[in-house]
Amino acid sequence: MSKLNIKNLIKSFPSMDRPAVNNVNLDIESGELVAFLGPSGCGKTTILKMITGLFQPDSGDIILDEQSLLKIPTEKRGVVMVFQNYLLFPYMNVNENVGFALKMKGVDKNIIDQKVKEMLELVKLPDIGLRKPKQLSGGQQQRVALARALISNPRILLLDEPLSNLDAHLRDEMRDLIVTIQQKLKVTTIFVTHDQEEAVLLADKIALIFDGELQNFTSPKNYYEKPKNIKAAKFFGGVNFINAKKHNDKLSTNIGTVHYKGENYTDLNEDNIITIRPENIKLSKNNDFNDNSFKGLIKSVIFSGTHTRYKIIVKDLELECSLQSVGLQDIKTDDTIYVHLPSDKIWAMNE
Amino acid sequence: MGGERLKIILSLTPPLLIIFTLFFGGIFYGFLQSLGYQPAIGKYEINFSAYYNVMFSERYAKLFWTGLGLNLWVSFASTFLAAVFALFGALAIRKTFFAKTICNFIYSLNLPMPHLVVAVGIIFVFSQSGLLARLASQIGLIGSPGDFPVLVKDKYGLGIILAYIWKEAAFFFIILMSVLQSLGENFEELAQSLGANRWQRFRYVILPLVMPNLFSASIIVFAFSFGAYEVPALLGVIYPQMLPVMAFEFFLNPDLNARSEGMALSIIIAIIVMILVVFYFWLTQAKIRKD
């Protein structure tokens, strides 16, 4: 188990007009499973390659267990990366692929054979050792790549888009396997993804990166309930944003005064944006709510199976609400409705 | 359906006729001549005496076997060294944009250059009266140009090997650069993160990945250098003589009876190259079956 600290990391490429990675700071605890999440080209893989030593940062430091990695060559860092397209050596069979790292260390062949067997059992592929990579399915190749990475007990395991090349069924299987193995071995793991659902399902913490800059580094739950900024909120499916001014103990908005219970109230500036997830908004034909209730007009109703989505116009603002389809009141387009924004579900962010 | 098939057969007929007439026709007629069949000089008898003469007669046997040895040595050495130079050259410059552009340009220029011109270039540069000998003499490394080691027209075929390395390294280089570029650096980066040092990455990653292409190119280069005439004719010595030169001299012989020996020698060269090609295909097919 190893603790990783990334300090003021900056990396530029001549072909880019902005730094690929711009002043990133991260503290990853031992045994944590962390996701680097962001759109393509945001710098997540660049950070991964700097941790492995394949790229040198322009400035900043990468510290593993209190020791800077910058002067240690890639092959001696104990940081192993699983690439997006698996990269099994096509001329080696599965056993040889999995045992590669130990062979490079000069480990005795009998010990390698034993460890390879253990690793293949760990990834639930005990009987394919003599097959060549092209005889394996995508999911099997991914498992073999994982076994190959884990065999040398890496201090840090890096996974570059580990599920992106798999179909939906295999993604679920592989996701479960990664979590199980990670929890069993307690290896500090970082994986890169552009899929927020994947990040939420797998990670203990998510580092959200846009344009080379770290937006937020917190638990998946916080991204839904307490996003740090509007970009983070939007990336996690946030659609309701209301400009709000801090006024005494309340927030003043275009649709009226909003009571707010967020613990960050004292940190808020004068100008803020409040957000609420569509599933936390409540609707009623009668005004059944005590506070944060606003009169609106149903603009559209979209049934999507388990949930029904409503677009509601409140004054000049459009809000989106998602309710479970079961037991719904009969709400139709152009109905007048009361919209309730529960004060404990609202989150305010500095503008 | 039948009309479609007829159309394909008719459209393929002209090129096939040319190939059969020129290639197989030529080989068949050459083979007949090697068996002693030469109606022009009244020889209609068919036998293997030309083959026997070339390989086992007191007059030619020594010439043939030493020539075959020299042929194998020159072809293996030049193919191997050209491949090694090209491989290390390609690995050294593949990541440097500027050097890669320059080297690609130089190697591309070298490709269309005739072997004859390269052979003359070797004489100008490496012979005892050549550029290097004069330069070494001028700067005092050797007493006179005559002290320069015999690299051209020597009995070990060094000049011939140099010419083939000069010429074929370009061919290898272009093939290797395209393979290395298509492979990218991911495999090496992966191996590095798995703990492989520079030598191990070369030995266990790069070499196995480029080997199939390197091997295919080697077969082509070996077959060419084994059967080519002009470079050994210019840079070789009278004894030992490479087989293509020996074959050509049989053809130049005013005695038309010697033509059968020349043809037999040419067929032997062709058979050796064909055995090699068949062996190569057998190896690759065996590997495919194994995979």
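Computed over heavy atoms, backbone and side chain alike; hydrogens, waters and symmetry mates excluded.
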Checking A/Arg18 against A/Phe13: charged group under 6.0 Å from the ring centre and within 45 degrees of the axis?
-> no
Heavy atoms under 4.5 Å from chain A: which residues of residues 171-188 of chain B carry them?
-> B/Asn186, B/Phe187
Does a donor on one side chain and an acceptor on the other come within less than 3.5 Å for A/Glu32 and A/Thr188?
-> no
Flag for B/Ser225-B/Glu168: side-chain donor and acceptor within less than 3.5 Å | no
Indicate yes or no: does [X] engage [Y] in a salt bridge with an N to O separation below 4.0 Å.
X        : Y        : result
A/Glu66  : A/Lys3   : no
A/Asp27  : A/Lys205 : no
B/Arg201 : B/Glu189 : no

Tell me, for [X] versus chain B, whether the close heavy atoms (under 4.5 Å) come from the side chain, the backbone, both or neither.
X        : result
A/Leu102 : neither
A/Leu87  : both
A/Arg131 : neither
A/Phe100 : side chain

Could you check A/Val123, A/Leu88, A/Asn95, A/Asn93 and say which one makes a side chain to side chain contact (heavy atoms under 4.5 Å, CB included) with A/Val144?
-> A/Leu88
Identify the residue among B/Phe279, B/Tyr280, B/Phe80, B/Phe76 that makes a ring-ring contact (aromatic ring centres under 6.0 Å, His included) with B/Phe222.
-> B/Phe76
Are B/Phe224 and B/His115 close enough that their ring centers fall under 6.0 Å?
-> yes
What parts of residues 67-81 of chain A touch chain B if we use heavy atoms and a cut-off under 4.5 Å?
-> A/Thr74, A/Glu75, A/Val79, A/Val80, A/Met81
Mind running salt bridge (charged side-chain N to carboxylate O under 4.0 Å, His left out) on A/Asp113 and A/Lys117 for me, showing each step along the way?
-> CA-CA 6 Å; A/Asp113 291 345; A/Lys117 204 174 159 209; over 6 Å; no
Check whether any side-chain heavy atom of A/Arg148 lies under 4.5 Å from a side-chain heavy atom of B/Leu190, and answer yes or no.
-> yes
